[in-house]
Amino acid sequence: MAALVNVRRDVSDPFYRYKMERLQTKIEGKGNGIKTVVVNLSSVAQSLARPGSYLIKYFGFELGAQTNLDPADDRWIINGAHEASKLQELLDGFITKFVLCKKCKNPETDVHIKDGRILLDCKACGQRSDVDLRLKLSGFMLKHVPKKTKKDKAERRAARKAKQNGKTEENGSGGDENSDQATPPADHKGIESDDDALTRKIKSEAHVLENKEVEVKDDEWAVDMSEEAVRARQQQLPGEFKQKLALNGDEEDEEGEGGGNTVYDQLGTWIQEEAEKKGGINNVEDIDIYVKAKELGIEAKHRTILVLVQTIFDENITSQISKRAPMLKKMITSERHEKALLGGTERLIGHLSGEHPEMFDKVVKILQLYYHHDLVSEEVVTKWGSKASKKYVDLSISKKVRKAAEPFIRWLQEAEEESDEEDDE
Ligand SMILES: [Zn+2]
């Protein structure tokens, strides 16, 4: 298999979960008959969730060369000799123009072609952005709309039903085209995190930390790290913070994690302090959080997930999940971890709902993102949704969260039923 590169090559973070194979080419023939075979075009196209014909046609336009559009033998050909590195560069342009969400730069977008417009529908932030119709490939895309698969249809139908039943969006300002609350989680095969790179990075960072070989950069001194300053900062934390992090109520605990909870509190406090230092929780890096958890010896504990959910997420949770998903995926290793994720989320929502009553409207989107990023399984969410519990929050809050989650749970059931029956449209 070819080496993997980040879909956005301007991102060097190995945690970046969107990878694709580096383009491989083979020059064949000579003279006027010389041609370039893009050996792994299908794989790259699949990673980008775009038809191969879009990619090869884009190369053709950019290079002013002829291409074949639908090779039965998977041999994608561009006339003339072209280096792989050049194609890779052109691919960056394709990705920027036809794949990345214009708002959040996430590559997980679906193409919608409708009424002469090409829209990129972002799975991460819900934004729908227009593709520039003056681009040559846009003309091609408008004429070559890929056929919808049966699964697409079933998903859309189930989503529609869930939306009608759920009424999760009440503002109505954007019309139904913008109401993405109940869009089904897409199954983006081929877009996967590179687990090995992640593991390597974590190991090497942890190693550096253990050896205390970290160089202190000048700008790190810009933050006052004296004991007084830290204590003062701790005192600035809202009083409710301790309560928010309350970790009791985990009565099934068999791992001797009960009692003082000091390590968990330490992790939570540390994350909050980092967030303050760095001007916001979104500036605290996954790797740092993970290394800290490891340092405290709790990176594998399900209760750590409970702490994380309540610290790395806030009222903007729906725009934060995708970025944190690789770390969470790494740390959620059992059903108990999944339950902790859901329980922590309940507690977060309960905590925030005082100031942000709209939190309940976000439940479907949150669950959808968790499910989409493989952080919870269908079985665990379904079971969780079936019964309110006072384990993590007041029963009244728990009930409200369950109520808000109903459209998603129903969607899961319907998607299941749909996939069982043959398509009827
Ligand atoms: Zn987006």
Side-chain angles (χ1 to χ4, degrees), residues 5-13 15-20 45-50 54 91-114 117-133 135 137-138 141 152 155-156 159 163 168-169 171 173-193 280-286 312-329 358-359 361-375 408 411:
V5 290
N6 281 344
V7 165
R8 273 182 61 194
R9 292 200 301 157
D10 58 323
V11 173
S12 57
D13 181 5
F15 267 100
Y16 188 69
R17 65 188 291 263
Y18 303 105
K19 310 272 183 191
M20 60 185 174
Q46 203 191 12
S47 295
L48 298 172
R50 295 294 178 268
Y54 287 8
L91 185 64
D92 291 339
F94 174 86
I95 290 168
T96 305
K97 291 173 214 156
F98 297 99
V99 179
L100 298 182
C101 167
K102 304 275 188 270
K103 188 177 170 197
C104 75
K105 302 267 178 257
N106 196 286
E108 236 171 310
T109 58
D110 285 342
V111 178
H112 290 278
I113 296 180
K114 215 183 151 189
R117 288 166 73 193
I118 304 173
L119 296 165
L120 301 180
D121 190 352
C122 178
K123 292 289 160 198
C125 77
Q127 178 78 18
R128 283 196 164 181
S129 29
D130 276 283
V131 169
D132 189 344
L133 293 176
L135 298 166
L137 186 67
S138 297
M141 286 166 73
D152 290 338
E155 284 198 341
R156 275 207 316 279
K163 207 187 288 187
T168 49
E169 284 243 319
N171 55 20
S173 56
D176 59 8
E177 275 307 294
N178 289 326
S179 163
D180 282 341
Q181 287 291 98
T183 308
D187 185 12
H188 275 259
K189 294 224 172 65
I191 295 186
E192 288 168 343
S193 61
I281 184 61
N282 295 339
N283 299 330
V284 183
E285 293 204 24
D286 288 350
I312 61 178
F313 296 143
D314 55 27
E315 65 272 21
N316 302 312
I317 177 168
T318 51
S319 63
Q320 294 167 322
I321 294 172
S322 296
K323 179 177 175 281
R324 298 294 187 186
M327 174 180 66
L328 290 172
K329 177 94 182 97
E358 77 279 6
M359 286 312 294
D361 303 334
K362 297 188 180 183
V363 172
V364 166
K365 185 80 190 172
I366 293 168
L367 293 175
Q368 188 186 318
L369 286 165
Y370 285 167
Y371 181 72
H372 174 62
H373 289 293
D374 236 350
L375 303 177
F408 178 78
W411 178 83

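Start at 1 and go down the list; that is how both ligands and their atoms are numbered. Nothing fancy with the numbering, it's 1 onward along the sequence.
When the side-chain contact (heavy atoms from CB on, under 4.5 Å) test is applied to Leu133, the partners found at least two apart in sequence or on another chain are Ile118, Ser138, Leu142. Residues that satisfy the ring-ring contact (aromatic ring centres under 6.0 Å, His included) test with Phe94, not counting sequence neighbours, are Tyr58, Phe98. Scored by the side chain to side chain donor-acceptor pair (under 3.5 Å) test, Glu315 finds no partners at all (sequence neighbours excluded).
The shortest distance between side-chain heavy atoms of Phe408 and Gln368 falls below 4.5 Å.
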### Task
Run the numbers on Asn282 and Lys323 for side-chain hydrogen bond (donor to acceptor under 3.5 Å, both in side chains), then give the verdict.
CA-CA 9 Å; Asn282 295 339; Lys323 179 177 175 281; 5.9 Å; no
#### Entry: CA sep, side-chain torsions, deciding dist, call: Glu108, Arg17, salt bridge (charged side-chain N to carboxylate O under 4.0 Å, His left out)
CA-CA 11 Å; Glu108 236 171 310; Arg17 65 188 291 263; 3.2 Å; yes
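Below the 2.8 Å limit, the Zn ion (ligand 1) has as protein N, O or S neighbours Cys101 SG, Cys104 SG, Cys122 SG, Cys125 SG.
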